[in-house]
Amino acid sequence: MALIYIVEDDQNIHEIETYALRNAGFLIEGFVCAKDFYARLAVRVPDLILLDVMLPDEDGLSIVKKLRSMPKLKHIPVIMVTARTTELDKVKGLDIGADDYITKPFGIMELISRVKALLRRSKNMEEESFLRAADISIDGKKRAVYVGEQLCELTYKEYQLLFFLVQNKGIVLSRDVIMDRVWGADYSESRTVDMHIKTLRQKLGAGGKVIKTVRNVGYMLDAE
């Protein structure tokens with residue numbers, strides 16, 4: 001049974017999230033501030049974190065940045081919950097390392113669906129601990145990417161994007177499919193995918209040539 005930490009200072013929303021997820025079969029622990037959340041993290045690591053952006057003692061975006069910088073915690077799936085609805089807010093939250101983004105008000109079934117989907121994606125990535133395509137190799141346990149023998153430093157989303165491409169090497173993937181599977185959010189700004197592909201190619205150097213653009217469709221990793 002998956003353990004979920006809810007970090008939310010709004011009592012009504014906290015109660016709704018807790019009630020919905022407990023009824024869906026999850027174990028829940030709740031926190032109203034970052035301080036208590038960090039203290040509990042030091043004792044037990046959850047399977048997923050539901051994190052409000054606006055907290056009394058620390059911004060949720062700052063919390064995500066800290067989590068992604070800690071080796072023991074950077075793999076924890078995070079869904080950000082906020083009243084902010086602009087495209088820029090969503091992209092910013094996802095690019096710093098959040099896995100999904102849900103805006104208030106939200107439906108109970110939507111919340112449960114997002115949580116289950118993210119846990120499935122996370123489990124699939126853990127099960128495939130080592131992937132290779134041409135000169136690119138991915139160590140899933142360490143979340144490390146190598147081009148030949150050279151370690152390649154990627155952002156959280158760049159890593160997830162590359163992992164998805166390598167998982168599906170030889171298959172043409174549309175921008176919408178990539179957006180749904182990598183960002184897992186309910187927006188369709190395809191430029192986000194294009195920008196990440198561009199920086200990913202640059203960081204991979206010679207290894208980036210295996211990422212092919214399929215005109216009017218999307219991208220494919222061609223490792224032949």
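Predicted model, so just to flag it, every value in this text is computed and none were measured. Side chains included, hydrogens not; waters and symmetry mates left out as well; all remaining heavy atoms used.
Both Y101 and F164 belong to a common hydrophobic cluster when Ile, Leu, Val, Met, Phe, Trp and Tyr are linked at side-chain heavy-atom distances under 4.5 angstrom. Cluster annotation: Y38 and M80 are assigned to the same hydrophobic cluster (Ile/Leu/Val/Met/Phe/Trp/Tyr, side-chain heavy-atom contacts under 4.5 Å, transitive). Hydrophobic clustering (ILVMFWY, side-chain heavy atoms < 4.5 Å, transitive): V115 and Y19 are in distinct clusters. Under a hydrophobic-cluster definition in which Ile, Leu, Val, Met, Phe, Trp and Tyr are linked whenever side-chain heavy atoms come within less than 4.5 Å, directly or via other members, L41 and V64 are assigned to the same cluster.
Within the 3.5 Å criterion, the main-chain N or O of M109 finds no donor-acceptor partner in the side chain of S113.
Across P56 and D9, no two heavy atoms sit closer than the pair CD-OD2, 3.6 Å. Y5 and F37 make their closest contact through CD2-CE1, 3.8 Å (heavy atoms, listed as atom of the first residue, atom of the second, distance). Closest of all the heavy-atom pairs between E58 and A34 is OE1-CB, 3.7 Å. Between A20 and I108, the shortest heavy-atom distance links the atoms CB-CG2, 3.4 Å. For A144 against L151, the heavy-atom pair with the smallest separation is CB-CD1, 4.1 Å.
Taking 4.5 Å as the limit, some side-chain heavy atom of T213 sits within range of a side-chain heavy atom of Y219. In this structure, D47 and L27 have side chains that are not in contact, with every pair of non-hydrogen atoms separated by 4.5 Å or more. Counting only heavy atoms from C-beta outward, the side chains of M220 and I171 never approach each other to under 4.5 Å. In this structure the side chain of L131 reaches within 4.5 angstrom of the side chain of F163, judged on heavy atoms. Side-chain contact between L204 and L162 is present, with heavy atoms from C-beta onward closer than 4.5 Å. Looking at K212 and L221, their side chains never come closer than 4.5 Å, going by heavy atoms from C-beta outward. Using a 4.5 Å cut-off on side-chain heavy atoms (C-beta onward), R40 and V43 make contact. Counting heavy atoms from C-beta on, the side chains of F106 and V81 come closer than 4.5 Å.
Annotation: K198, atom NZ; neighbour count of heavy atoms from other residues, nucleotides and ligands within 6.0 Å does not exceed 12. Other residues, nucleotides and ligands contribute only 12 or fewer heavy atoms inside 6.0 Å of the NZ atom of K209. Heavy-atom neighbours of Q202 CD from other residues, nucleotides or ligands within 6.0 Å: above the threshold of 12.
By the 4.0 Å N-to-carboxylate-O rule, D100 lies close enough to R114 to be salt-bridged with it. Salt bridge annotation for E158-K203: present, with a cationic side-chain nitrogen under 4.0 angstrom from a carboxylate oxygen. Taking the charged nitrogens against the carboxylate oxygens, K104 and E8 do have a contact shorter than 4.0 Å, which makes a salt bridge. Under 4.0 Å is where a charged nitrogen must lie from a carboxylate oxygen, and between D59 and K66 no such pair does.
The distance from atom NZ of K169 to atom CZ of R132, rounded to the nearest 0.5 Å, is 9.0 Å. Atom-to-atom distance recorded for I28:CD1 and L3:CG is 7.5 Å, nearest 0.5 angstrom. Considering CZ of R181 and CG of L165, their distance stands at 11.5 Å, rounded to 0.5 Å. In this structure, OG1 in T192 is found 11.0 Å from CG in L161, a value given to the nearest 0.5 Å. Annotation: the span from L200 atom CG to I211 atom CD1 amounts to 4.0 Å, rounded to 0.5 Å. Taken from CD1 in I112 to CG in L21, the straight-line distance is 6.0 Å, to the nearest 0.5 Å.
Y146 and D139 share no donor-acceptor pair across their side chains, judged by distance under 3.5 Å alone.
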